[in-house]
Amino acid sequence: MSPPPGLPARLLARLLPPHLADSVLGDLDELFAIEVGAGRRRAVFAYWRRAIDALWHLGGRRPRPTPFASAGDPPMSVALRDFRQGLRLFVSQPTYAWAAVVTLALAIGANTLIFAMANVLVLKPLPLADPDRLGWILVSGPNAPIDRAGVSLPEFAAYRDAIPAFSSLAVRRNVTATLRDGAISERVDRHVILGDMHGVWGLQAIRGRTLQSSDEAADAPPVAVLTHQYWQRRFGGADAAIGTTVFLDGAPRTIVGVLSPETELGNLAEIEVWTPYQGEPTLQPRTERGWRPTGRLAPGATVADANAQVAALAARLAAEFPDTNRDWTARVGTTREALAGGNTWVVMALLATVVGLLLVLACANIMNLLIARLIGRQRELAVRTALGATRGRVVRQIVAESLAIGLAGGLGALAIAAAGLAGVHAVSSEPFFRQLAIDGQVVAFAAGLAFVTPLFFSIVPTLRLLRSDVRGALADASTRAIGGHAAGRGRAVLVVVQVSLAVVLLVVATLAVRSVRAIVAADVGYQTAGLLSAEVDVPAWLRGDDAAALRLRQDLVARIRAVPGVDAVTTSSVIPSLTFAASTTFDITGRAPSRERPSAGVIVATSDLFVVTGIPILAGRAFERADAASADAVAVVFAETARRYFGGVPQAVDARLRIDGASGRPPLDVRVIGVARDTANPDLDLAPTPQIVVLDEHRPARRQYLLVRTRAAATLAPAIREAFRAVDPDLPAADLGTVEAAFAEEVSSSALIGALFAAFGGVAMLLATAGLYGVMAFVVSQRTPEIAVRMALGASRRDVAREVVGRTARLAGLGLVLGLAGGLALAQSMTSMLYGISPGDPLTYAGAGVLTIGAALVAAWIPMRRAADVDPIESLRQA
Amino acid sequence: MPPGSALGEFESLVVLGVLQAGEDAYGVPVWRAIQERTGRDVSLAAVYKTLDRLESKGLVRSRQGEPTAERGGRAKRLYAVTPGGLDAVRASVQALTQMTAGLDEVLGT
């Protein structure tokens, strides 16, 4: 005869109450024996169904106390039995178990997600050799984001020779280049380095060699080193790539090595090719500040030493070269500061604090559930103790149950963290976020929390249980040994903690979310919708002289203007509010030259710039096509230029300016014909800076963007690419896309951070409400007989409600005050990451307070109503 | 038995099922009696759960039967209705009968 399935039988044998197990199993066997004649598969299915059904209805119910392990049992079997007992909780008290698991999974999941970020940012070993001995020169200046500007090559030469705290100093510059290998030509991100950067950083090659100082000699053969990812992508990881010659910007270079993959960290992840700089640095223009310096500290020197020397030298350069260096400062930052902006650390610390508080909140909730459960089981526990179970055994069982919850919560947390990471990857393509993954360390972290938190939330109730009077509990079931005064105080503390944590988390989350909304919705001052952009970079190797490069751009603009669906088109050296214009000094004709020469960001564009962008003209007029053809150069200034240097918008019209030439070119005399409304500073935290627009025909610029106004943004890409190809096959339409998408990409990390805070705030609110409801439901259920007596004696529902809800309201009020104070303190540390909202924003605090108190009152009101609806007679009889 | 604690409908069915099954009243026959006579899809576990509850109320009692080979050597738990259980189910049935008297036309029985 075919035997019945073994697994469900074994499960049932363990989990059914002993007095029923045999009989039920026998019945299942009997039915199986009958049904197996009609087909084994059906019979097995029916057996499983009945077994699950039996588990559901009968499993875990233990009307007769199960025997306890005696001292003679081997410890391992005791531990196993404890754990099994713990798992049984999911059958016997599914509501409690799953509520605790879900709570814990949410909280540990949030912590795991943030740990995954911290792991990449802080804990992963840096690919740099001895990163603590590196100093990073961080430069700030007019019209440049703080700490994020670089140095010019002549400045580098000065730093290299005059900072004794650095034993060596190197610079790198990120530029795009066109790499041609055979017939395929593509745009690559290139790092140009000078001063043996690979040596300073201590980078390793996995094939060939790294770049050396000898490669920087003017007569050295031109070489290049590939990054691991580019080597894999373009050369399929073939060893043959070493020694081949490729054309970078039209010039041949020999590939001499491949860097090891660990180098691809943070912003370095996007680099594809490294090449040495082979020119003479002191002869380069002082205005080209794209070079980022890193120094290795000399033995005995500290970052502070280097910082003092660098700051002093920057001040000296500012005095010596006021035209180019006035208001430019420099300091030395640590590797941490350099790899991630100051705000990154604020945000990480804040996120870590928020998820930490979330975990505390979750533990408070589960602790309350556990206390309620223990009081419900007090009589059972008392019986067990009376029958000879030691208190240690009982406590161990509670801890085992908590560990089972922790284990399940940890598994859920990993699922939640994985889902969160999938969301993060979907929102942002930033290299930092792309590196986030659930690796061994992250799993270990979640497992650690899953193990530690159960100890945390079970310890207080357990200790209380140990102190409680078991004999008293046995003698009189209504004595509440762990539900007495002390427990009342404990629950009061829980209410206060829950409310205050909820308020803190809501305040922080609201500030972050509103700040991010302000960033995302910031009005940049012109119409970005319906605007396409692409890079138009015409390097010297492509067109030798400026006139030829200008003709190429004009040809391109003419071709694109002819594409159906294009309303207007221009080239421009900046995408307004997204990229910075190069700061340039100028003189105002007719004004005595002062020591403080005026400066402004100079934008180079075609006469259609204002037509394409729709930036309004406040005074005078916009460019006309005839202006480009005229030999008399004209300019449109932005309102901030007019206000700062001419005392007002109308006064600037007709002024004459002499703008310094870039890179050794002659200065340009222009007449101001109009004043345009300011556009937002690309660094949204800063006010608009002075800007001047001149025409490409008068002061050509090599690196520009194409801006296309269209109502058919979605379908134009192929036609635009075709136009680029038609103009020159070596001119790729790099970064072609909508300006809106470019802005979205720019704020994607902010949006992501905002979404994280919003999610954590939502979870906090949910946990706090559920937790308060749990506390109140329990308090009211404990007091139901008392409430019934009062009502039987004539108290109105109102009186009772006022008494119970009033107590909660007082506790919630205390929690609110503590929470607001905590929120205010935490918000101060957020100041640097907030945009468009102050850390003390009253609406935020009022909202958080009202929401939390509302939730607390609802949480108190529902159980209260239920209690008041109870028939007093019935309730008294049960009591 | 205190007044007001009349048997629930399913409880009545289970008590009647035990009576129908006679001497050999363990899980399967009781379950089968309800299943076949009412035409309802009833789960074996629900029957056991109800029997357990009825036993704790003192309406049925049970004893361990002898182990038999066709049940994998497992013992049956044999149930019998107590006098109290008989009273309770009688009251339930009577209440139902009295309430339906004269309603043949409406109920179509």
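Quick note on labels: first sequence line is chain A, next is B, and so on, each numbered from 1. Heavy-atom basis, side chains included; hydrogens, waters and symmetry copies ignored.
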message = Please output the residues of residues 27-39 of chain B in contact with chain A, using a heavy-atom cutoff of under 4.5 Å, in numerical order.
response =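 Expected list: B/Gly27, B/Val28, B/Trp31, B/Arg32.
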
Item to check | Portion of A/Ile34 that has a non-hydrogen atom of chain B nearer than 4.5 angstrom | outcome: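 Just its side chain gets close to chain B.
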
**Request:** Counting only heavy atoms closer than 4.5 Å, note whether A/Leu31 contacts chain B via side chain, backbone, both or neither.
**Result:**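 For A/Leu31, side-chain heavy atoms alone lie under 4.5 Å from chain B.
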
- Message: Using 0.5 Å steps for rounding, measure from the CD atom of B/Gln64 to the NE2 atom of A/His19.
- Response: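 Taking CD in B/Gln64 and NE2 in A/His19, the distance rounds to 10.5 Å.
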
### Query
CG/B/Leu51 to CG/A/Leu20 distance, rounded to the nearest 0.5 angstrom?
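Spacing of CG (B/Leu51) from CG (A/Leu20) equals 9.0 Å.
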
Write down the atom of A/Ser23, the atom of B/Lys76, and the distance for their closest heavy-atom approach.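 In terms of heavy atoms, the two residues are closest at OG-C, 4.3 Å.
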
| Do you know the tightest heavy-atom contact between B/Ala45 and A/Ala54? |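 Minimum heavy-atom contact is CB-CA, 3.4 Å.
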
- Query: Do B/Arg77 and A/Asp22 sit within salt-bridge range, that is, some charged N less than 4.0 Å from a carboxylate O?
  - Reply: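 Judged by the 4.0 Å cut-off on N to carboxylate O distance, B/Arg77 and A/Asp22 do not form a salt bridge.
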
Residue-level interface, residues 45-53 of chain A with chain B, non-hydrogen cut-off under 4.5 Å: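 The residues closer than 4.5 Å to chain B, in numerical order, are A/Arg50, A/Asp53.
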
